[in-house]
Amino acid sequence: MSKSISDKVVRNQSANTPFSTVLEKSLSRRAVTRGSLGAAMALMAGFSLTACGGDNDPVVAPTDPVPPVTPEPVPELKLGFESLANAMTEACIVPAGYTAHVLGAWGTPLNDNAAAWDRNGNNSSNDLLNSTGMHHDGMHYFPIDGSSTEGLLVVNHEYIDEFALHPAGPTKVAGKRPAEEVRKEINAHGVAVMHLRKEGTNWNIVLNSKYNRRFTSGTPMRLAGPVGGTDWVKTPFSPNGTQVRGTNNNCGNGTTPWGTYITAEENWAACFVNTGTRPAHQQRVGVQSGRGRYEWETAAADVSEVNGEFARFNVTASGADALSDWRNEVNGFGYLVEIDPYDPSSIATKRTAMGRFAHEGAAYGNPVEGQPLAFYSGDDSRFEYVYRFVSEAVWDPKDATRSDRLNVGAKYLDKGTLYVARFNDDGSGEWVALASATVGKDGKTLGAEFGSLDAILINTRGAADFVGATPMDRPEWTAVHPTNGDVYLTLTNNTSRNATTGTNAANPRLNNANGHIIRWHDASGSNAFRWDIFVFGAPVDGDADTNRSSLSALNQLASPDGLAFDNRGIMWIQTDNGLDGGRNNDVAKATNDQMLAVIPKPMSESTGTGPVINASNQAELRRFFVGPNEAEVTGIAFTPDHTSIFLNIQHPGNWPAYGTNDATASASGTVRPRSSTVVIQKIDGTPVGV
Ligand code: FEO
Ligand code: CA
Ligand code: CA
């Protein structure tokens, strides 16, 4: 995402945490030497709720575990490929013995209402409404009847490249964006549900399938949870505040144990403009004061405009009340949005209890019967925070197989407590509740400062400032180990961390151009956790302070972003290192963005000092994939049998080649670039990665 829409302004003025000296007490606890990272994945025996609800068809009832009388020895899980070299080419690179195919590049028709993609950029807004969108990001594979050859791939479309989308870029007539162009841009955003079928070794979209759907920045959605139906979100479109049109800037994703998809609204704030006095909560998230990112608001009053479809992006209070202007429109954005891909008639639902900020994604903690569920979500901006939502309802495994999935979502996601993380310098941490009774600055409660829970949630960042959360180096994706429950978080980079802001133990490097990955383990039934740093991104030739994980040319990385565990326990790390749109750090000067794999041992086995990945074991972090020039590698999904994995190539410069679906082919000459999904398989058809 960083190429053009990331919010580079430091909006956190709270000066939270000990911004003083480099405190690394936590790191000093850990041994320099660490044994093999070898797998501890034998724990997969028996029933795993993660496996059942997360990746298998939720309509199939799980069977009870039947422990073998004589346990079979479980082979050690090992990565079965050699680490790739650095590369800067116009194509995707996979290890020997693998294939990579282009699937669903932007503008690929989902049904016969869309014309075929036009390489001159002449597709209409209606074509985009019925095709895949642009700038693919988070995604998930939902199997049909548990299949690894037929399923629903749900893909986020984060933002747009206006120059690739239109024949010659965006235009204006007399200061106004043409309505058709704006609609095309709105329809290129959002989420796509694609019904896929594998035929031979090729994955294809099932054209005209009832499952194929687009959610755009104009699709009506429900507002549920504490903010839904309040005065905050009453608009001329939804006078009772229960609906809003569209989801915007959908970056990372999540899933639920009951088989739904979660799409995360990240850099939505800059699509809105307020030319009047911006309230504190609008300033805190970055609502614009001059013009919206794409100036969609300038198409207002076009003769074709329907119910303020363009005017709503101008949230200036200009009328007599909230039903006379669009002042509240922006309050309907900034949420995690739940989608039921298996029900084509379902309405996407914004779960406001989970907080309002620049959500990167959402990963859930491993469910335990009779215990509340936890979801983790980073707020990707400089010095922002990481959050945990804990459900009020306790987990009932029968909910994993219910068919009224959005009702299950309401049960777990509309009532609960949102927490924000405080990372202490001694390796401990705590989750601080963003609840009315929590005491913050000057001994005052959040309730006294902000009002009721809906007001706290609308200004989630402000509430987190108030209770002294730890400002982080741009929290991106979270991922939870499928059996031991350790939670990992990518902190992509933060070049604004300087001598004035200082460091803290969880974000210990000044001018953090390379980023790092932190992990923690929540204490059961408590708000306490322990944390350590898993790996520091760095160039191979970085000095000792920079290359703290002793990375080599075969695994140097920077700006970790996408992050996911597969059910076997392999952790996949994706990078978005086109730092501010150029090759501005040493890793970016050596290699394109990439995906790496590693098999982490549990935190409970950690001892001693230093990051988990260090000189003794760095070779076990292996580069599996390198993307084409200028592209970010993001989004990851797996078939249940792991024979196909899917990733996304976002904002490539000159890829994919015309006339082939081979993702490893370079274009001859110049092509109109297309973000796309890439399917990776082994030529021998066995599981990927091992
Ligand atoms: Fe859209 Fe934080 O990446
Ligand atoms: Ca990023
Ligand atoms: Ca991202």
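In this chain, numbering begins with 1 at the start of the sequence shown. Only a predicted model underlies this, so the values are computations on that prediction, with no experimental measurement involved. Order of listing sets the numbers, starting from 1, for every ligand and every atom in it.
Geometrically, Arg674 engages Trp117 in a cation-pi contact, judged by NZ or CZ lying under 6.0 Å from the ring centre and within 45° of the ring axis.
As for Glu158, its N/O/S atom nearest atom 1 (Fe) of ligand 1 is the one called OE2. Closest N/O/S atom of Glu476 to the Ca ion (ligand 2): OE2. Glu360 contributes OE2 as its N, O or S atom closest to the Ca ion (ligand 3).
Vertex the Ca ion (ligand 2), arms ending at OD2 of Asp576 and OD2 of Asp561: the angle is 90° after rounding to 10 degrees. Centred on atom 1 (Fe) of ligand 1, the SG atom of Cys251 and the OE1 atom of Glu266 lie at an angle of 90°, reported to 10°.
For Ser381, the side-chain hydrogen bond (donor to acceptor under 3.5 Å, both in side chains) test picks out no residue, with sequence neighbours left out. Remark: Glu181 engages Arg177 in a salt bridge (charged side-chain N to carboxylate O under 4.0 Å, His left out) (not counting sequence neighbours).
In the displayed structure, Arg222 atom CZ is contacted under 6.0 Å by at most 12 heavy atoms of other residues, nucleotides or ligands.
Of the listed residues (Asn253, Asn250, Asp137), just one forms a side-chain hydrogen bond (donor to acceptor under 3.5 Å, both in side chains) with Thr263, and that residue is Asn250.
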